[in-house]
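Atoms within a ligand are numbered from 1 in the order they appear, just like the ligands themselves. All values reported here derive from a predicted model rather than from experimental measurement.
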Amino acid sequence: MKRVLTYGTFDLFHEGHVRLLKRAKALGDYLIVAISTDEFNQIKGKTSCMSYEQRKEVVEAIRYVDLVIPENDWEQKINDVQTYHVDTFVMGDDWTGKFDFLKDYCEVVYLPRTENISTTQIKEKLKNRR
Ligand code: C2G
């Protein structure tokens, strides 16, 4: 049972998120997704339109996802990898290199982002429609 772990906000869920989760799941048998809490988003300097509970409900409904856990801070990743016996850590390549410290604990994979879609872009489109 190969276990995969990834992190994110997953606000205004879109195909970029789906394709990341689909590819992450394809790297193993069991996919854990750590979703940034509203409090951690503040630390990240991100304000999400959807609350943690809403974002959690959506991601839990994705066929590729087996477990959703909260992401509360930047420091929890090593502990999460150990607690959940993770074999592979995955992030989009906008994070390339940022989590290489996890290579001592598991495989680290950065996947190409999906072009031409982002939560920011969606927000911009909605703003311009007003
Ligand atoms: N993503 C993607 N393609 C996009 C948009 C996002 O592949 N067009 C990927 C990101 O690279 C990330 C995941 O989808 O791996 C979730 O994206 P965000 O919700 O924007 O996550 P982020 O705010 O980058 O949080 O500790 C890590 C952070 O929590 C990551």
Side-chain angles (χ1 to χ4, degrees):
M1 157 90 85
K2 208 166 167 218
R3 301 159 74 85
V4 183
L5 172 63
T6 190
Y7 293 75
T9 301
F10 296 101
D11 189 32
L12 302 181
F13 200 80
H14 54 66
E15 72 272 25
H17 296 137
V18 173
R19 292 179 194 174
L20 189 284
L21 297 176
K22 181 175 185 175
R23 286 175 290 159
K25 180 59 175 282
L27 294 172
D29 312 286
Y30 188 87
L31 176 60
I32 304 162
V33 183
I35 297 183
S36 311
T37 59
D38 298 329
E39 296 75 18
F40 181 51
N41 266 339
Q42 277 176 6
I43 296 170
K44 281 165 59 176
K46 270 189 146 178
T47 49
S48 57
C49 297
M50 297 162 70
S51 69
Y52 170 76
E53 286 309 321
Q54 287 177 298
R55 293 179 282 115
K56 177 174 185 281
E57 184 175 347
V58 169
V59 172
E60 277 178 339
I62 302 300
R63 68 172 60 203
Y64 310 115
V65 177
D66 297 289
L67 175 68
V68 169
I69 61 173
E71 180 185 30
N72 298 296
D73 54 53
W74 291 113
E75 292 72 38
Q76 70 184 74
K77 290 185 174 67
I78 292 175
N79 188 52
D80 288 347
V81 168
Q82 293 171 325
T83 304
Y84 294 98
H85 310 291
V86 169
D87 300 287
T88 305
F89 166 87
V90 178
M91 285 303 295
D93 62 4
D94 46 318
W95 292 94
T96 298
K98 297 286 189 308
F99 302 115
D100 286 358
F101 63 88
L102 290 170
K103 285 181 177 174
D104 296 337
Y105 305 91
C106 64
E107 187 189 8
V108 174
V109 175
Y110 300 106
L111 296 172
R113 278 174 68 93
T114 301
E115 301 295 316
N116 304 320
I117 185 73
S118 71
T119 305
T120 309
Q121 217 176 61
I122 295 169
K123 286 181 187 173
E124 287 304 310
K125 275 187 190 165
L126 290 172
K127 220 182 285 176
N128 299 340
R129 282 204 180 144
R130 275 193 213 126

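Residues M91 and V108 are not in side-chain contact: their nearest non-hydrogen atoms beyond the backbone lie 4.5 Å or more apart. Considering only heavy atoms from C-beta on, K25 stays 4.5 Å or farther from L21 through its side chain. Between Q76 and Y7 there is a side-chain heavy-atom pair separated by less than 4.5 Å.
Residue pairs that meet the ring-ring contact (aromatic ring centres under 6.0 Å, His included) test with at least one member in residues 107-130, sequence neighbours left out, do not exist here.
Within the structure, ligand 1 lacks E15 among the residues with a heavy atom less than 4.0 angstrom away. Note on ligand 1: S36 sits in its first shell, one or more heavy atoms being nearer than 4.0 Å.
Atom numbering of ligand 1 starts at 1 in the shown order; those under 4.0 Å from a heavy atom of T9 are 18 (P), 19 (O), 21 (O), 23 (O), 25 (O). Per-residue contacts place H17 under 4.0 angstrom from the following atoms of ligand 1 (heavy atoms of the residue considered): 14 (O), 16 (C), 17 (O), 19 (O). Per-residue contacts place K77 under 4.0 angstrom from the following atoms of ligand 1 (heavy atoms of the residue considered): 26 (O), 27 (C). Counting the atoms of ligand 1 from 1 in the order shown, those under 4.0 Å from a heavy atom of H14 are 5 (C).
Atom 15 (O) of ligand 1 has its closest protein heavy atom at G92 N, 2.9 Å. Looking at atom 9 (C) of ligand 1, its nearest protein heavy atom turns out to be L20 CG, 3.9 Å. Closest to atom 1 (N) of ligand 1, if we only count protein heavy atoms, is R113 NH1, 4.0 Å. The nearest protein atom to atom 22 (P) of ligand 1, hydrogens excluded, is given as K46 NZ, 3.6 Å; this is a heavy-atom distance. At the shortest separation from atom 24 (O) of ligand 1 among protein heavy atoms lies W95 NE1, 2.9 Å. Nearest protein heavy-atom contact of atom 19 (O) of ligand 1 is F10 N, 2.8 Å. If you check which protein heavy atom lies closest to atom 25 (O) of ligand 1, you get K44 NZ, 3.1 Å.
Closest heavy-atom approach to atom 27 (C) of ligand 1 among the candidates R19, R55, E71: E71. Of the options I35, V90, D94, N116, the smallest heavy-atom separation from atom 11 (O) of ligand 1 is shown by D94.
Expressed to the nearest 0.5 Å, how far OH of Y52 lies from CG of D38 amounts to 9.5 Å.
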Contacts under 3.5 angstrom, residues 8-16 side chains, donor-acceptor by atom type, not counting sequence neighbours:
residue : atom : partner : partner atom : Å
T9      : OG1  : N41     : OD1          : 3.1
T9      : OG1  : K44     : NZ           : 2.8
D11     : OD1  : C49     : N            : 3.2
D11     : OD1  : M50     : N            : 2.9
D11     : OD2  : C49     : N            : 2.7
H14     : ND1  : G16     : N            : 2.9
H14     : ND1  : H17     : N            : 3.4
H14     : NE2  : H17     : NE2          : 3.4

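Looking at ligand 1, you'll find an N or O of I117 within less than 3.5 Å of one of its N or O atoms. Every N/O-N/O distance between T6 and ligand 1 stays at or above 3.5 Å. Considering backbone and side-chain atoms together, T114 places an N or O closer than 3.5 Å to an N or O of ligand 1.
Taking hydrophobic clusters as Ile, Leu, Val, Met, Phe, Trp and Tyr residues chained together by side-chain heavy-atom distances below 4.5 Å, F101 does not share a cluster with V109. By the rule that hydrophobic residues join a cluster once side-chain heavy atoms approach within less than 4.5 Å of another member, V33 and F89 end up as members of separate clusters. Placement of L111 and F99 in two distinct hydrophobic clusters is found when ILVMFWY residues are connected by side-chain heavy-atom separations under 4.5 Å, directly or transitively.
A salt bridge links R113 with D94; the closest basic N to acidic carboxylate O contact falls under 4.0 Å.
The 12-atom threshold is not exceeded at NZ of K22, counting heavy atoms of other residues, nucleotides or ligands nearer than 6.0 Å.
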